[in-house]
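Bear in mind that the values here come from a model prediction, so they are computed numbers and not experimental data. Labels below follow one simple rule: chain letters A, B, ... track the order of the sequence lines, proteins then strands, and each chain is numbered from 1.
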2 protein chains.
Amino acid sequence: MNLKTATEIGKCLSNQTRVQIMEWLKDPEKHFPPHETLKHFNDGVCVTYIKEKAGLSQSTISTYLTNMEKCGILMSTRHGKWSYLKRNEETIKAYINFIS
Amino acid sequence: MNLKTATEIGKCLSNQTRVQIMEWLKDPEKHFPPHETLKHFNDGVCVTYIKEKAGLSQSTISTYLTNMEKCGILMSTRHGKWSYLKRNEETIKAYINFIS
DNA sequence: CAAACATATCTATAAATATCGATATGACAT
DNA sequence: ATGTCATATCGATATTTATAGATATGTTTG
């Protein structure tokens, strides 16, 4: 982990909704309904569900998630027309190691 | 640690200089000259030294440090006319626990 | 291939943050 | 008490970020 990446992660974690998204994704079963098509949460949660939970516009949430993926704290998997997001614990660990 | 505090800490860590300050304060001996009056780094480093190292104005650095103290990641001790800043590992640990 | 749906990107504006100079406050030394 | 030094706060402006609507792209389904 270098200074630049750490700062980008800090920016992602400088907004209440984005911090909440990170919290929600710790335990998707607890915070999101099961997806109609995919029956599991192995790859996380789709953009629409996160958008509904957060109560912000689709474009705003999409931007959030894109940036969170860019700096590495989230990872996304496409399943058909849906994008699933989950926490990237590797990067999170590296970040924690950097600041502690 | 609650959502609000975690977000405030995220804001502090969303700027390159502030992240660097946190890094520098991990090992003051390595990054700062010994203070003329105080011979030790037990309470950290004074504002002026941090300002000089960062290369920003006194008012900017003072604002940074005040906010970093408010959210708990730094703690300050007055020794005469100097304010010494050091990391508050307790809060940092709590924050890490919150996001991991 | 057209329609429908999910997500991403673009563009614009509102809101928040960054940064500094000026000034105020607090602490020591004379 | 006054001058000096260290730090804090205020006020103003520049820059960045937030946010959403519109539009584009990609994917499935009929």
May I have the list of side-chain donor-acceptor pairs in residues 61-68 of chain B shorter than 3.5 Å, sequence neighbours left out?
{"unit_1": "B/T63", "atom_1": "OG1", "unit_2": "B/S59", "atom_2": "O", "d": "2.8"}
{"unit_1": "B/Y64", "atom_1": "OH", "unit_2": "B/N15", "atom_2": "ND2", "d": "3.4"}
{"unit_1": "B/T66", "atom_1": "OG1", "unit_2": "B/S62", "atom_2": "O", "d": "2.8"}
{"unit_1": "B/N67", "atom_1": "ND2", "unit_2": "B/T63", "atom_2": "O", "d": "3.4"}

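The hydrophobic clustering, which links ILVMFWY residues whose side-chain heavy atoms are closer than 4.5 Å, places A/F98 and B/Y95 together.
B/M68 places its CE atom 16 Å from the P atom of C/dT17, with the value rounded to the nearest Å. The interatomic distance linking B/I50 (CD1) with D/dA8 (C1') rounds to 15 Å, in whole Å. Per the geometry, OH belonging to A/Y84 stands 8 Å off P belonging to C/dT7, to the nearest Å. Nucleotide D/dA8 holds its C1' atom 10 Å from the NZ atom of B/K70, rounded to whole Å. Protein atom CG of A/L74 is 16 Å distant from nucleotide atom C1' of C/dA8, rounded to whole Å. Atom CG in A/L65 sits about 10 Å away from atom P in C/dT7, given to the nearest Å. Rounded to whole Å, the distance from NZ on B/K51 to P on D/dA8 is 13 Å. If you measure from atom CD1 of B/I61 to atom C1' of D/dT9, you get 16 Å, rounded to the nearest angstrom.
Legend: residues meeting side chain to side chain donor-acceptor pair (under 3.5 Å) with B/N97, ordered by chain and number and at least two apart, are absent. For the side-chain contact (heavy atoms from CB on, under 4.5 Å) test, residues two or more places apart in sequence or in another chain that qualify with A/Q16 are B/L3, B/T7. Contacts of B/Y84 classified as side chain to side chain donor-acceptor pair (under 3.5 Å), with partners at least two apart in sequence or in another chain: B/H35. Residues meeting the side chain to side chain donor-acceptor pair (under 3.5 Å) test with A/N2, sequence neighbours left out: A/T5.
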**Message:** Treating primed atoms plus P, OP1 and OP2 as sugar-phosphate and everything else as base, which nucleotides of nucleotides 14-26 of chain D get B, S or - for protein heavy atoms under 4.0 Å?
**Reply:** ---SSBBBB----

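Residue A/S83 has a polar side-chain atom (N or O) positioned under 4.0 Å from OP1 or OP2 of C/dA8.
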